[in-house]
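Have a look at the structure below before the remarks.
Note that the structure is a prediction, hence the values are computed from the model and not measured. Heads up: numbering here begins at 1 and tracks the sequence. Hydrogens, waters and symmetry mates play no part in the numbers below; they use all other heavy atoms, side chains included. Order of listing sets the numbers, starting from 1, for every ligand and every atom in it.
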Amino acid sequence: MNNLLLEVADEIAVVTINRPKVLNALNTETLTELGECLAGIERRKDVKALILTGAGEKSFVAGADISEMVNATPAEGRTFSLLAYEAFGRLENMPQATIAAVNGFALGGGCEISMACDIRVASENAKFGQPEVGLGIIPGFGGTQRLSRLIGKGRAKELIFSADNIDAQEAYRIGLVNKVVPQAELLGYCRKLAVKIASKGSYAVSIAKYAINAGLDMDVANGLKLEAQLLGLTFSTADKKEGMTAFLEKRPAKFTDF
Ligand code: DAK
């Protein structure tokens, strides 16, 4: 891969978008590689959680690559959109938990890719924003949909209409990020969180992720019915037997389903 780094250790995959000279902006090649990389990880039983970050200390992802977009034709725009749809969809729906380690600018497509992850942790220098209307376009990698679901309609509209950047503390205050840590501690914090998640029943984590995601697209009554059915499903797993037996025997559980 020309634009990504992948490292797998202790059941955790770290995917780094590696174009630091352009602040890790997303071009067609990067999105293609990301989709393929995530498709591979999705199938791996030895990877229980994934951390997505950007190379360098300045930027997570400074958006879509403007130099590529400036002369793009409608057909190229559509291809670009489909590549992002696939890669972002994988992050959102893959069985593994996904954590965005936001180590600097998360603008436009950068903010949007972080929102396709399950959890966002930001370093103190991180900046979030949706600058698209300043470029004469609208957020096109899910920003109008995911931002409003995460922080509410009024705040999403303010961020998108004003194209203002906000700092990490403000992002935390409005619920866009789960946690803010000093930059030097960012990857360590995310790894610890990933290891904690990986130590639980991974099949149960994947089912919980599915229930949350699918439930948000339903009314609450149907969401609760879905939850009941999925809880029933977890009662058929070896992990459920092991988790409960381990509790009663006062020992740590050894989960095997995934
Ligand atoms: N694309 C391309 N190059 C970028 C870039 C980007 N998004 N962001 C930064 N760079 C490049 C700069 O051009 C510069 O390159 P050189 O001049 O050194 O060759 C280098 O990275 C360093 O950037 P700066 O010199 O500008 O660094 P500063 O610290 O001064 O400023 C900044 C950092 C992040 C505030 C600034 O670079 C900036 O405003 N960047 C652009 C942010 C932005 O507007 N991002 C794009 C948002 S729009 C679509 C779907 C979705 C989208 C589009 C289409 N379809 C479905 C078709 C999404 C669009 C977006 O994401």
Protein heavy atom under 4.0 Å of [atom]:
atom                    : answer
atom 18 (O) of ligand 1 : no
atom 38 (C) of ligand 1 : no
atom 27 (O) of ligand 1 : yes
atom 30 (O) of ligand 1 : no
atom 21 (O) of ligand 1 : yes
atom 44 (O) of ligand 1 : yes
atom 8 (N) of ligand 1  : yes
atom 2 (C) of ligand 1  : yes

My understanding is that we take every heavy atom of each candidate and find the minimum distance to [atom]. Doing that for [options], which one comes out nearest?
atom                    : options               : answer
atom 14 (C) of ligand 1 : Lys21, Arg19, Arg78   : Lys21
atom 10 (N) of ligand 1 : Leu83, Val22, Leu82   : Val22
atom 32 (C) of ligand 1 : Tyr85, Phe141, Phe105 : Phe105

Apart from Leu233 itself, what residues make up its hydrophobic cluster, given side-chain heavy atom links below 4.5 Å? Tyr203, Ile207, Tyr210, Met218, Leu226, Leu230

Pull out every atom of ligand 1 sitting under 4.0 Å from any heavy atom of [X], numbered as shown with elements.
X      : answer
Gly77  : 56 (C), 57 (C)
Ser81  : 56 (C)
Gly63  : 61 (O)
Lys58  : 27 (O), 28 (P), 29 (O)
Gly140 : 50 (C), 51 (C)
Gly108 : 47 (C), 61 (O)
Leu107 : 34 (C), 42 (C)

When you look at Asp10 and Arg191, which way does the salt bridge (Lys or Arg N to Asp or Glu O under 4.0 Å) test go after all the steps? CA-CA 10 Å; Asp10 304 326; Arg191 256 183 228 281; over 6 Å; no

[X] versus [Y], closest heavy-atom pair with distance:
X      : Y      : answer
Ala13  : Ile41  : CB-CD1, 4.1 Å
Ala97  : Ile197 : CB-CG2, 3.9 Å
Phe88  : Arg146 : CD2-NH1, 4.0 Å
Ala101 : Leu187 : CB-CD2, 4.1 Å
Ala238 : Thr256 : CB-OG1, 4.5 Å
Phe128 : Ala171 : CD1-CB, 3.7 Å

Below 3.5 angstrom, do we get any N/O pair linking [X] and ligand 1?
X      : result
Ala62  : yes
Glu112 : no
Ala64  : yes
Gly109 : yes

Leu34 with Met1, same ILVMFWY side-chain cluster at under 4.5 Å: yes

Determine, using the 4.5 Å side-chain heavy-atom cutoff (strictly less than), whether Val22 and Phe60 are members of one ILVMFWY cluster. no

Logged contact type for Leu26 with ligand 1, heavy-atom cut-off 4.0 Å, is neither

What part of Pro131 sits under 4.0 Å from ligand 1 if we count only heavy atoms: the side chain, the backbone, both or neither? side chain

For atom 36 (C) of ligand 1, what's the nearest protein heavy-atom neighbour? Residue, atom name and distance, please. Leu23 CD1, 4.6 Å

Minimum-distance protein heavy atom relative to atom 53 (C) of ligand 1: Met69 SD, 3.1 Å

Within a strict 4.5 Å, meaning less than it, do heavy atoms of the Thr98 and Lys209 side chains meet? yes

Trace of the salt bridge (Lys or Arg N to Asp or Glu O under 4.0 Å) decision for Glu158 with Arg155: CA-CA 5 Å; Glu158 185 181 351; Arg155 287 194 167 118; over 6 Å; no

Pairs where residues 41-63 contributes a residue and the test side chain to side chain donor-acceptor pair (under 3.5 Å) is met, not counting sequence neighbours: Glu11-Lys48, Glu42-Arg90, Arg44-Asp46, Thr53-Asn103

Asn3 side, atom CG; Leu26 side, atom CG - distance, nearest 0.5 Å: 9.5 Å

For the residue pair Asn125 / Ser123, report whether a side-chain donor-acceptor contact shorter than 3.5 Å exists. yes

